[in-house]
Every structure is written in C-alpha cells, then in structure tokens.
Amino acid sequence: MEKKRIPVRPHHGMCLAYFIGKGYSEGFSAHMEKMLHILEQDVPIRLVVSLDEICSACPNHQFLSDEENSGETKEICEAQEKVFRYDHGVLEACGLTEGEELNFLEFAQKVQKKVIDTGLREKICGDCEWNEICSEKSSRWENKNILR
C-alpha cells in the first residue's frame with residue numbers, strides 16, 4: 001500500500017528552510033512546527049499550487065460562499081496572487097511541475113540548491129512580510145549531508 005502523499009505548496013520549501021517558530025499566530029506557528037517535523041521524516045509529497053496542509057492553520061486561509069455555485073463554500077488564500085507567484089517561481093527554478101510527486105527531502109534539496117544557494121530566494125519572495133527572518137539566518141538544510 002502506497003503512503004499518502006502530503007500536498008505541499010512549492011513556496012513552503014523556502015518558508016520551512018528558515019522557520020524559527022514565528023508566524024501569523026501561535027496556532028499557525030505550532031502547526032508549522034508540527035508539519036516541519038513530519039516532512040523532515042522524508043515523507044512523500046505532491047506539489048500543489050493551491051491550499052495545502054500548512055495553509056490549513058493560516059489566517060490568510062479564507063472560506064467564502066460561492067454564490068455562482070449554489071452558495072457552496074470555496075476555500076482561497078487571501079494572498080493568493082502573491083503566493084501563486086512564489087509557487088511558480090520555485091517550480092521554475094527547481095525544474096519541477098505542479099502535481100509532481102517526490103519525497104520531501106529531495107524537494108528540500110532542490111530548493112536549497114536551485115533557489116537558496118543561487119540567491120533566487122530574494123528574487124522570488126523578497127516582498128514577503130517574513131523576508132527579514134530569511135535574510136538574517138541560514139537555511140536549516142544548508143549544511144546537512146542528507147540533502148547533498
């Protein structure tokens with residue numbers, strides 16, 4: 001039986017590399033810490049350019065009534081245009097595609113080598129409100145042999 005693949009937004013590969021326990025709220029930070037621990041066990045993931053498991057605790061995760069579809073609830077990211085751009089920047093830099101399936105550590109390695117090590121992180125997400133944290137510290141995966 002194949003393990004369930006966890007959906008992960010590509011830009012979260014950068015966020016997780018620099019996560020230090022700060023976030024939009026205590027609940028979000030606790031959830032991000034939990035997801036980081038799970039993902040670092042090298043679980044299978046599927047890259048999605050939409051809401052993922054990390055987004056579930058984010059205050060930008062909004063539930064809207066879709067009047068065009070009988071009032072069904074629609075889930076969106078309040079910052080969807082910006083994070084869509086971040087996601088596609090990571091996909092392009094890493095040579096990956098939406099829907100691609102791989103293990104998390106392979107993905108983290110690609111983000112480290114193709115985005116962080118090359119200096120593209122600032123170009124992709126330099127307008128993020130958390131950019132200062134990323135600019136001031138090293139990636140958690142920078143010197144880990146498992147990723148090389």
Side-chain angles (χ1 to χ4, degrees), residues 1-64 73-148:
M1 185 165 114
E2 185 173 334
K3 288 182 179 179
K4 181 182 176 198
R5 296 196 174 267
I6 298 173
V8 173
R9 290 196 85 129
H11 84 270
H12 285 153
M14 296 183 298
C15 301
L16 291 164
Y18 294 98
F19 180 68
I20 59 170
K22 294 182 180 180
Y24 300 105
S25 66
E26 283 184 35
F28 175 81
S29 294
H31 185 66
M32 184 84 147
E33 186 78 41
K34 176 184 170 189
M35 289 308 301
L36 177 61
H37 177 71
I38 291 168
L39 292 167
E40 284 189 321
Q41 303 307 304
D42 202 23
V43 297
I45 65 167
R46 181 176 35 85
L47 298 173
V48 296
V49 180
S50 59
L51 298 170
D52 69 2
E53 181 55 37
I54 291 170
C55 297
S56 67
C58 180
N60 289 329
H61 182 177
Q62 303 291 313
F63 296 88
L64 303 176
T73 301
K74 181 179 175 182
E75 296 180 59
I76 66 158
C77 175
E78 191 175 271
Q80 63 187 8
E81 288 180 34
K82 182 169 68 171
V83 294
F84 183 84
R85 180 171 35 90
Y86 295 171
D87 287 335
H88 282 282
V90 172
L91 289 174
E92 182 178 327
C94 293
L96 298 167
T97 58
E98 182 176 2
E100 192 161 336
E101 297 179 345
L102 64 167
N103 281 358
F104 180 75
L105 292 180
E106 180 184 354
F107 171 61
Q109 177 185 26
K110 287 180 185 288
V111 171
Q112 181 67 44
K113 287 183 176 180
K114 303 285 187 170
V115 177
I116 296 170
D117 289 349
T118 63
L120 282 176
R121 187 209 55 81
E122 181 80 27
K123 182 179 178 191
I124 293 170
C125 63
D127 62 342
C128 171
E129 68 184 283
W130 306 105
N131 183 54
E132 188 175 323
I133 290 172
C134 303
S135 297
E136 293 176 350
K137 72 178 298 272
S138 296
S139 162
R140 72 177 6 88
W141 302 308
E142 187 173 63
N143 295 311
K144 290 199 176 174
N145 291 332
I146 193 167
L147 298 176
R148 301 288 172 194

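Note that the structure is predicted; figures quoted are calculated from it, not measured.
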Engineer: Please round to the nearest 0.5 Å and tell me the distance separating atom CE of Met35 and atom CE of Met32.
Structural biologist: 9.5 Å
Engineer: With sequence neighbours left out, what residues match Arg85 under salt bridge (Lys or Arg N to Asp or Glu O under 4.0 Å)?
Structural biologist: Asp127
Engineer: If you compare all heavy atoms of Pro10 against all heavy atoms of Phe107, which two are closest, and at what distance to 0.1 Å?
Structural biologist: O-CZ, 3.3 Å
Engineer: For Ile20, check side-chain contact (heavy atoms from CB on, under 4.5 Å) against everything at least two apart and list the hits.
Structural biologist: Lys22, Ile133, Lys137
Engineer: Could you walk me through whether Met14 and Cys134 pass the side-chain contact (heavy atoms from CB on, under 4.5 Å) test, one step at a time?
Structural biologist: CA-CA 9 Å; Met14 296 183 298; Cys134 303; over 6 Å; no
Engineer: How far does CZ of Phe104 sit from CD1 of Ile6, to the nearest 0.5 angstrom?
Structural biologist: 9.5 Å
Engineer: Measuring from Leu36:CG to His12:NE2, what's the distance to the nearest 0.5 Å?
Structural biologist: 12.0 Å
Engineer: List in chain and number order the residues that pass side-chain hydrogen bond (donor to acceptor under 3.5 Å, both in side chains) with Thr97, two or more places apart in sequence or in another chain; answer none if no residue qualifies.
Structural biologist: Glu100
Engineer: Looking at Glu136, I'd like to know if its CD atom is crowded, meaning that more than 12 non-hydrogen atoms belonging to other residues, nucleotides or ligands lie closer than 6.0 Å.
Structural biologist: yes
Engineer: Would you please test Lys110 and Glu106 for side-chain contact (heavy atoms from CB on, under 4.5 Å) and show each step?
Structural biologist: CA-CA 6 Å; Lys110 287 180 185 288; Glu106 180 184 354; 3.8 Å; yes
Engineer: List the atom of Ala93, the atom of Lys114, and the distance in Å for their closest heavy-atom pair.
Structural biologist: O-CB, 3.4 Å
Engineer: Could you list the residues that satisfy ring-ring contact (aromatic ring centres under 6.0 Å, His included) with Tyr86, not counting sequence neighbours?
Structural biologist: His11
Engineer: Does Glu122 have any side-chain contact (heavy atoms from CB on, under 4.5 Å) partners at least two apart in sequence or in another chain, and if so, which?
Structural biologist: Asn131, Ser135
Engineer: Indicate the atoms forming the closest heavy-atom contact of Glu40 with Leu105, along with that distance.
Structural biologist: O-CD1, 4.2 Å
Engineer: Who are the side-chain contact (heavy atoms from CB on, under 4.5 Å) partners of Glu98, not counting sequence neighbours?
Structural biologist: Val49, Leu91
Engineer: Please identify each residue that fulfils side-chain contact (heavy atoms from CB on, under 4.5 Å) with Lys123, with sequence neighbours left out.
Structural biologist: Leu120
Engineer: Look at the side chain of Arg140 and the backbone N and O of Phe19, then say whether any donor-acceptor pair between them is shorter than 3.5 Å.
Structural biologist: yes
Engineer: In Å, rounded to the nearest 0.5 Å, how long is the span from OH of Tyr18 to SG of Cys128?
Structural biologist: 12.0 Å
Engineer: Could you walk me through whether Ile45 and Asn103 satisfy the side-chain contact (heavy atoms from CB on, under 4.5 Å) test, starting with their C-alpha distance in whole Å, then the side-chain angles of each, then the deciding distance to 0.1 Å, before giving a yes or no?
Structural biologist: CA-CA 6 Å; Ile45 65 167; Asn103 281 358; over 6 Å; no
Engineer: So Arg121 and Ser139, do their side chains get closer than 4.5 Å, heavy atoms only?
Structural biologist: no
Engineer: Work out which heavy atom in Ile38 is nearest to a heavy atom in Val43; give both atom names and the distance.
Structural biologist: O-CG1, 3.5 Å
Engineer: Rounded to the nearest 0.5 Å, how far does CD of Gln112 lie from OG1 of Thr118?
Structural biologist: 9.5 Å
Engineer: Looking at Arg9, is its backbone amide N or carbonyl O close enough to the side chain of Asp87 to form a donor-acceptor pair, meaning the two atoms are under 3.5 Å apart?
Structural biologist: no
Engineer: Looking at CG of Leu96 and CD of Glu101, how far apart are the two atoms once the value is rounded to the nearest 0.5 Å?
Structural biologist: 12.5 Å
